[in-house]
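A short worksheet on the structure shown next.
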Amino acid sequence: MGSLHISSTVSVLLLSLISVKVKTLEQPSHYSGDLPSACHLTCETSMNGTATFDFCKSYSELKIGGRCCFNVTALGALVLGIDLQRCGLSEEIFSSAIANMSNLLYISLEGNKMKNLQSSDFHQNANIDYLSLPPHFSCPGSNGTWLMESSDANSTICQFEQNACEVHNVTCPSNSHCVHSGVDMMECLCNDGFHGYKCLEQGNFPVTSFLIGITVPTVALCIFLYVTQRRHVIQHKVK
Ligand SMILES: *[C@@H]1O[C@H](CO)[C@@H](O)[C@H](O)[C@H]1NC(C)=O
Ligand SMILES: *[C@@H]1O[C@H](CO)[C@@H](O)[C@H](O)[C@H]1NC(C)=O
Ligand SMILES: *[C@@H]1O[C@H](CO)[C@@H](O)[C@H](O)[C@H]1NC(C)=O
Ligand SMILES: *[C@@H]1O[C@H](CO)[C@@H](O)[C@H](O)[C@H]1NC(C)=O
Ligand SMILES: *[C@@H]1O[C@H](CO)[C@@H](O)[C@H](O)[C@H]1NC(C)=O
Ligand SMILES: *[C@@H]1O[C@H](CO)[C@@H](O)[C@H](O)[C@H]1NC(C)=O
């Protein structure tokens, strides 16, 4: 009976793990409820009058929360802008702070103790319209990553991120296509109907059979243990 109990617990755990995994895959870039912690960083100056602030004020559906500008959608708060001027940030802290914000249009970073920022520090930000950096910084990426670049004594401003597939004229292998996935970054994704190594396998990824493949053996194991344990109990009684 002990093993029956343990195996059912294991299968329930497995099934709940699978459903949690499926749930997180469905909503990768939305926040339900609270704003991410980066919006609550403590900074020396207020956001009033900054480019992110002005952008936020120009749309009635956008709101300011802490250092962020966000849109309340059905799925939660979607952060579209973040003003982190004079927040004492290093490259590493900035990069991990924005790790899950893939929809940023406005980013301001003047007055931080950074020396250099690279395109990899921006993760999956593929739609940046306005990025302001400390003076003497160069815009991250390569020639052509930004439509406009400007600089003065107070900042470097990079505007309108361009599609890396087009900037680098990328040709993906057969059965795949290029997708712009971040500042000066792209990846080749399999076309519909192809998957696997180098997109060589045809047919949609077998999600259903994969789930059944895990569930059926678990249920079968439970039944097997139930039957064997029961027989053991009966034999015990007979003795
Ligand atoms: C910022 O601006 C808002 C209105 O746009 C105003 O209510 C608030 O007092 C200002 N805050 C500071 C610190 O200037
Ligand atoms: C805010 O979210 C709504 C609903 O998703 C969308 O229709 C709207 O265009 C968004 N506004 C901005 C400025 O992105
Ligand atoms: C980003 O999301 C992942 C998985 O959803 C989570 O583990 C991580 O803590 C998040 N990071 C931040 C900075 O919110
Ligand atoms: C960037 O590209 C432009 C035009 O495509 C060219 O004139 C310029 O020399 C390039 N700059 C560098 C640093 O490669
Ligand atoms: C730089 O900032 C200072 C102080 O805010 C301001 O007085 C000055 O006009 C700015 N310079 C430029 C070129 O925008
Ligand atoms: C892009 O690549 C294709 C094939 O590799 C080539 O034919 C085309 O001339 C290239 N275009 C530019 C603008 O470099």
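Indexing begins at 1, ligand by ligand and atom by atom, following the structure's order. In this chain, residues are counted from 1 in sequence order.
- Listed by chain and number, the residues in a side-chain hydrogen bond (donor to acceptor under 3.5 Å, both in side chains) with Thr145 are Asp184 (sequence neighbours excluded).
- The shortest separation from a heavy atom of Leu80 to ligand 2 is under 4.0 Å, placing the residue in contact.
- Between Phe122 and Phe94, the two ring planes are perpendicular [angle over 60°; tilted spans 30° to 60°].
- The line from CG of Asn103 to CG of Leu80 is 6.5 Å long, rounded to the nearest 0.5 Å.
- Listed by atom number, the atoms of ligand 2 under 4.0 Å from Asn71 heavy atoms are 1 (C), 2 (O), 3 (C), 8 (C), 10 (C), 11 (N), 12 (C), 14 (O).
- Annotation for ligand 2: atoms under 4.0 Å from non-hydrogen atoms of Thr73 are 2 (O), 5 (O).
- Under the 2.5 Å SG-SG cutoff, Cys178 and Cys172 do not qualify as a close cysteine pair.
- Residues forming a side-chain hydrogen bond (donor to acceptor under 3.5 Å, both in side chains) with Asn191 (at least two apart in sequence, or on another chain): His177.
- For the residue pair Ser132 and Ser108, a side-chain donor N or O sits within less than 3.5 Å of a side-chain acceptor on the partner.
- Any N or O atom pair closer than 3.5 Å counts here, and Tyr59 shares no such pair with ligand 2.
- Leu35 and Ile107 fall within the same hydrophobic cluster, defined by Ile, Leu, Val, Met, Phe, Trp and Tyr side-chain heavy atoms under 4.5 Å apart, directly or through other members.
- Protein residues lining ligand 5, listed by chain and number: Asp152, Asn154 [non-hydrogen atoms, distance under 4.0 Å].
- Legend: residues meeting side-chain hydrogen bond (donor to acceptor under 3.5 Å, both in side chains) with Thr156, ordered by chain and number and at least two apart, are absent.
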